[in-house]
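These figures come from a predicted structure and were not determined experimentally.
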Amino acid sequence: MEITREEIDHLAMLSNFSLTDNEAESLQSDLENIIGYISELKELDTEGVEPTYQVFEMENVWRDDEIQPQEADREALLALAPAAEDHQIKVPKVL
Amino acid sequence: MQIATKEHTAVEMVKAALEKAKQYEDYHVFVSLNEEIALKKAAEIDAKIKKGENPGRLAGVPYACKDNFLSKEGNTTASSKILEPFKSPITATAIKKLEDEGAIMIGRTNMDSFAHGSSTENSYFGPTKNAHDKTRVAGGSSGGSAVAVALGIVPFATGTDTGGSIRQPASFNGVYGIKPTYGTISRYGVVAMASSTDCIGFFADSAEDLDLLMDICAGQDPYDMTTLPDYYTEEAPHSFNKVGVIKDFDLSKVDPEIKAAFDHKLETLKSMGMEVVELDMPALKYALAVYYIIVPAEISSNLSRHDGIRYGYRNEEAKSLDEVYGKSRNDGFMPENKRRIMIGNFVLSSGFYDAYYNKAQKARTVIIKQYEDAFKKCDFILTPVTPNPAFKLGEHTSDPVSMYLEDIMSVPLNLAGIPGVAIPAGETKDSISLGVQLVGPRRSDKALLKVAADIAKQEEK
């Protein structure tokens, strides 16, 4: 299956990757091969078959809506951010 | 498994494991070692033993931990650049359960970045080498953990299996590995890959050791809503006596030496009095295509959290918020991570969703049905783990599809959520380890391990 450069750019945008030209080119041929392979699934007859999205046997596992003490507190989580200030995570200017 | 005693101390055991880890440095088994913390914990275990307190069922046992389990020792990187700086503030439930029984993590093992791969060559830190032939791959994605056990550095190691990432490296290195029934062991604190197939499991030298680890780690966890109530500990194993073989199991071409190892194992099962049943499972040949649709779809969603904002690596030159996302993710992920994320976004995008994603989920139903029918005729199934023995480093790196094809016999189990146990099955004439797998219905984990243990006893005779 042919994948155009425009489609690669669109998928890169959906994936949030700033690809270089070289990367986009090699992904284009890799994705063509992979999509070519997975397209073989078309042969299998699935007429009238229900999809299975998950294989866990249980449904609706409930818990009480109560706050439990956690191993990590706010400070520990903020300390993970590449930049933080005044109990907030810092990012470049948006507007 | 040898546990610490007054005569045979935890400190000695941990020191010996650390020394071996350093001695085998050129295999690149570990991405980091926890020397200081491990020795401190070992001394604590020894103190408990001295005082006559119960030190636990894994007292002082050194183990290796795949680099995608969160814990406070060192960094949890999932062998990626984007998580290279990540120091976890929490501990995975599985790690907590092991350490509550006295086990001691000596280091974190190398893996394919985010567990995307079948050779450990996709690690940001470089590949791990096969325990028995340094020119060959360790298998993957839990390659480092398999090699750590195969080289005798540690008696057991943790792994994750989303499509074969425990069973395949176990067989490539000649050790035992279990991928449990979906939902058996909590995934809380483990880096997510594909949530509908991810499983936690182990590598060890024997089925008995795997049984002990399962007994310790199985069970419901309030932090993972997809865990089953503990069926493992309570249940006496069923006695399995009918083995199924898949008639057209040469889904792709199976290497003659693997075929011979498989036949030999089947003879062992027959000599144990097992009845052999032939199975017709034609839909299994589509399992790989189904897997490489569903799993990338879930990867594209799970890995969207790695954004350079809240934790992990951030590209410092990025000037806008969009650039932070785009550049951090582009620098932080390996080529295979990018392929899978983009394939996932492709199969989920409008126009392709029905033809790929939904079609694959329907095909999954067909595959599950074939297993259900099979387990009406037999107790468990014997198959090879891979069509070929461990391949050469670099052999498949330029052709992703050829790498994927190596997973053709391991992925169907994950799609169905059923358990599999990889057991050693001799070696090739070039001394490359081979393995086969025992595949059972849901919750048959303990019975499969019993068959695996019985096979080993029969072979000793």
Between B:K96 and B:E99, is there a salt bridge with N-O shorter than 4.0 Å?
-> no
Side chain, backbone, both or neither: which part of A:K42 has a heavy atom under 4.5 Å from chain B?
-> both
Measure B:A416 against the heavy atoms of chain A and call it side chain, backbone, both or neither at under 4.5 Å.
-> backbone
What distance separates B:I341 CD1 from A:S15 OG, expressed to the nearest 0.5 Å?
-> 6.5 Å
Contact origin within A:I8 toward chain B - heavy atom pairs under 4.5 Å = both
Chain A contact via B:S320 - which portion, at a heavy-atom distance below 4.5 Å = backbone
Most heavy-atom pairs under 4.5 Å with chain A, out of B:T227, B:I294, B:T197, B:D331, belong to B:T227
Worked check of side chain to side chain contact (heavy atoms under 4.5 Å, CB included) between B:L413 and B:D161 = CA-CA 10 Å; B:L413 284 68; B:D161 191 315; over 6 Å; no
Of the backbone (N, CA, C, O) and the side chain (C-beta and beyond), which part of B:Y291 lies under 4.5 Å from a heavy atom of chain A, both, or neither?
-> neither
Sort B:Q220 into side chain, backbone, both or neither according to what part of it lies under 4.5 angstrom from a heavy atom of chain A.
-> side chain
Side chain, backbone, both or neither: which part of B:K359 has an atom under 4.5 Å from a heavy atom of chain A?
-> both
Given that the side chain runs from C-beta out, which part of A:S39 has a heavy atom under 4.5 Å from chain B: side chain, backbone, both or neither?
-> both
Portion of B:L228 that has a non-hydrogen atom of chain A nearer than 4.5 angstrom | both
For chain A, the option from B:L415, B:I309, B:D399 that forms the most heavy-atom pairs under 4.5 Å = B:I309
To the nearest 0.5 Å, atom CD1 of B:I418 lies from atom SG of B:C199 at 11.0 Å
Please report the C-alpha distance between B:K327 and B:R314 in whole Å, then the side-chain angles of each, then the deciding distance to 0.1 Å, and finally whether the side chain to side chain contact (heavy atoms under 4.5 Å, CB included) criterion is met.
-> CA-CA 8 Å; B:K327 289 187 173 179; B:R314 181 186 291 184; over 6 Å; no
Mark yes or no: B:K338 above the aromatic ring of B:F333, with NZ or CZ under 6.0 Å from the six-membered ring centre and no more than 45 degrees from the axis.
-> no
Is B:K319 salt-bridged to B:E323, cutoff N-O under 4.0 Å?
-> no
Heavy-atom proximity to chain B below 4.5 Å, by part of A:V91 = both
Between A:L27 and chain B, which part of the residue has a heavy atom less than 4.5 Å away: side chain, backbone, both or neither?
-> side chain
Name the region of B:T91, side chain, backbone, both or neither, that has any atom closer than 4.5 Å to a heavy atom of chain A.
-> both
What part of A:L14 gets closer than 4.5 Å to chain B, counting heavy atoms only: side chain, backbone, both or neither?
-> both
May I ask you to say whether A:D21 pairs ionically with A:R5, meaning some side-chain N is under 4.0 Å from a carboxylate O?
-> yes
Crowding at NZ, B:K72 (>12 non-hydrogen neighbours, <6.0 Å) = yes
Aromatic contact, B:H306 with B:F114 (centres under 6.0 Å) | yes
Under 4.5 Å heavy-atom distance to chain A, tell me which part of B:L288 shows up: side chain, backbone, both or neither.
-> both
